[in-house]
Amino acid sequence: MLIRYFAAARAAAGTDTETVAVPADRPYTRRDVEALLVRAHHQPPPGQPPLAQVLARSSFLLDGVACPDPATVLTDTSVLDVLPPFSGG
């Protein structure tokens, strides 16, 4: 699956995008992916907040549709966008 990071999430992850392999042997949820991302990015780039903090306040789009439920099951072909709160106009 493809993860796309925006704004503060991009800064905390240190990348715009990454690919995550979703196991086929059991359902894999958005919560599972978040935990995997936190483990993979446990050390933020200098001057950036930990990704775990950013994810906790972020909204998610799954294949372009709002995904508020962390129990939503994802597939290997899913695209998950991580959208931290934005400010400004």
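Keep in mind the model is a prediction, meaning the values are calculated, not measured. Every heavy atom of this structure was used, including side-chain atoms; hydrogens, water molecules and symmetry mates were not.
- Here the closest heavy-atom approach between residue Val38 and residue Leu55 is recorded as CG2-CD1, 3.7 Å.
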- Message: Please evaluate residues Arg30 and Leu80 with respect to the criterion side chain to side chain contact (heavy atoms under 4.5 Å, CB included), reporting the C-alpha separation (whole Å), side-chain torsions for both, the decisive distance (0.1 Å), and the verdict.
- Response: CA-CA 9 Å; Arg30 195 194 86 199; Leu80 187 68; 4.1 Å; yes

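- A pairwise comparison of heavy atoms in Pro84 and Ala7 identifies CG-CB, 4.0 Å as the closest pair.
- Side-chain heavy atoms closer than 4.5 Å link hydrophobic residues (I, L, V, M, F, W, Y) into clusters, and following such links, even through other members, never connects Leu74 to Leu83.
- With sequence neighbours excluded, the residues satisfying side chain to side chain donor-acceptor pair (under 3.5 Å) with Ser78 are Thr75.
- Under the rule for a side chain to side chain donor-acceptor pair (under 3.5 Å), the partners of Arg4 that lie at least two apart in sequence or sit in another chain are Asp81.
- Val20 approaches Asp76 most closely through the heavy-atom pair O-OD1, 3.9 Å.
- Between Pro50 and Ala12, the shortest heavy-atom contact is C-CB, 4.3 Å.
- Contact record, Thr77 with Asp63: O-OD1, 4.2 Å, taken as the closest heavy-atom pair.
- Annotation: side chain to side chain donor-acceptor pair (under 3.5 Å) contacts involving residues 11-29, sequence neighbours excluded, comprise Tyr5-Glu18, Arg10-Asp16, Glu18-His41, Arg26-Asp32, Thr29-Asp32.
- Residues Val82 and Ala9 come closest through the heavy atom pair CG1-CB, 3.7 Å.
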- Output, in order, the C-alpha distance, side-chain angles, deciding distance and verdict of side chain to side chain contact (heavy atoms under 4.5 Å, CB included) for Cys67 and Thr72. CA-CA 7 Å; Cys67 181; Thr72 300; 3.7 Å; yes

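- You'll find the side chain of Ile3 reaches within 4.5 Å of the side chain of Val33, heavy atoms only.
- Under a hydrophobic clustering in which Ile, Leu, Val, Met, Phe, Trp and Tyr are joined whenever their side-chain heavy atoms come within less than 4.5 Å, directly or via other members, Leu62 and Val22 fall into the same cluster.
- To the nearest 0.5 Å, atoms CG (Leu37) and NE2 (His42) are separated by 13.5 Å.
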